[in-house]
Amino acid sequence: MNDWQRKSPLDWETYVNKMVKVAAIEKHEYEGWVLTVDPISASIVLATSQENEKVSISVVLGHAVQEVEILKEGDDEMKQWLSCIFVPEESKTYSPEELEKKKNNLKTWLETNHIPVTEQGESGRTLCVAGVLTVDPPYGPEECSSSNEIILSRVQGLIQGYLQKQQ
């Protein structure tokens, strides 16, 4: 076991969001921004940006790491970029006002179609449909949950149809 593998997860966490140079066995060197370190294998996941705005991901296996040198601290903009690398394109963030509008529009539409809806939670962000299904922000079919699969499927279909009409 090498020195890198003997470190604790808290030690490894200090490398996250930093530009590093990793010296590995057989004189291999890797540079990139540390996305994470696997706590089991001590493997380092590095991200680098290419010219065409593509991202290159490299994994340096923990047993191969000999030395890790921090080259640069990540600023807030870099941390934001790193946190969004694995986020799907369609997962847009909404302002509280947009979420409130989406919730109210969906609630009104469901009530217009004679489907009983209430608001749940401390802030009333979750819609409860007929007491057996919940819809969380941002109020799409993927955010529906219910233990009754038939109701879940039907309400998801209704919401999908509603959203397609809105576009």
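Bear in mind the structure is a predicted one, so any value in this text is a computation, not a measurement.
In this structure a side-chain-to-backbone donor-acceptor pair under 3.5 Å is missing from Lys165 to Gly161. A donor-acceptor pair is defined here as one N or O able to donate and one able to accept, closer than 3.5 Å; no such pair exists between the side chain of Asp11 and the backbone of Lys7. Remark: side-chain polar atoms of Arg6 are paired, donor with acceptor, to backbone N or O of Met1 under 3.5 angstrom. Between the side chain of Asn2 and the backbone N or O of Gly62, at least one donor-acceptor pair lies under 3.5 Å.
Using a 4.5 Å cut-off between side-chain heavy atoms of Ile, Leu, Val, Met, Phe, Trp and Tyr, Val37 falls into a hydrophobic cluster with Trp4, Trp12, Tyr15, Val16, Val20, Val22, Tyr30, Val34, Ile44, Leu46, Val60, Val65, Val68, Ile70.
The two residues Glu111 and Val117 come nearest to each other via the heavy atoms OE2-O, 4.0 Å. Taking both residues in full, the closest heavy atoms of Leu163 and Gly140 are given as CD1-CA, 4.1 Å, listed atom of the first, atom of the second, then distance. Nearest heavy atom pair, residue Ser43 against residue Val59, reads CB-CG1, 4.0 Å. Closest approach of Val129 and Val135 over heavy atoms only: CG2-CG2, 4.3 Å. Between Gly74 and Trp33, the closest heavy-atom pair is CA-CZ3, 3.5 Å. For the residue pair Leu152 and Leu133, the shortest heavy atom distance occurs at CA-CD1, 3.6 Å.
Counting only heavy atoms from C-beta outward, the side chains of Arg125 and Asp136 never approach each other to under 4.5 Å. Glu31 is not listed as a side-chain neighbour of Thr48, based on a closest heavy-atom distance of 4.5 Å or more. When side chains are defined from C-beta on, Asp75 does not count as touching Lys79, because their heavy atoms never get closer than 4.5 Å. Two residues are said to be in side-chain contact when any heavy atoms from C-beta on lie closer than 4.5 Å; Asn105 and Trp109 fail this criterion. Taking 4.5 Å as the limit, some side-chain heavy atom of Val55 sits within range of a side-chain heavy atom of Trp81. Side-chain contact between Asn104 and Leu106 is absent, with no heavy atoms from C-beta onward closer than 4.5 Å.
Around CD of Gln5, the count of heavy atoms belonging to other residues, nucleotides or ligands within 6.0 Å exceeds 12. Annotation: Asp76, atom CG; neighbour count of heavy atoms from other residues, nucleotides and ligands within 6.0 Å does not exceed 12.
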Subject >> Trace of the side-chain contact (heavy atoms from CB on, under 4.5 Å) decision for Leu158 with Asn113 >> reply: CA-CA 10 Å; Leu158 287 171; Asn113 287 283; over 6 Å; no
**OP:** Go through the steps to decide whether Glu97 and Lys101 satisfy the test side-chain contact (heavy atoms from CB on, under 4.5 Å), and finish with yes or no.
**Re:** CA-CA 6 Å; Glu97 295 80 23; Lys101 183 179 176 191; over 6 Å; no
Subject >> Test log, rule side-chain contact (heavy atoms from CB on, under 4.5 Å), inputs Thr118 and Leu127 >> reply: CA-CA 6 Å; Thr118 58; Leu127 293 177; over 6 Å; no
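For Glu119, the side chain to side chain donor-acceptor pair (under 3.5 Å) partners two or more places apart in sequence, or in a different chain, are Lys103, Lys107.
The side chain to side chain donor-acceptor pair (under 3.5 Å) pairs that include a residue from residues 143-153 are Thr134-Ser145, where partners are two or more places apart or lie in different chains.
Taking hydrophobic clusters as Ile, Leu, Val, Met, Phe, Trp and Tyr residues chained together by side-chain heavy-atom distances below 4.5 Å, Ile25 does not share a cluster with Leu61.
Atom CD of residue Glu69 and atom NZ of residue Lys18 lie 13.5 Å apart, to the nearest 0.5 angstrom. Distance check, rounded to the nearest 0.5 Å: NZ of Lys21 to NZ of Lys72 gives 14.5 Å. The line from NZ of Lys54 to OG of Ser49 is 11.5 Å long, rounded to the nearest 0.5 Å.
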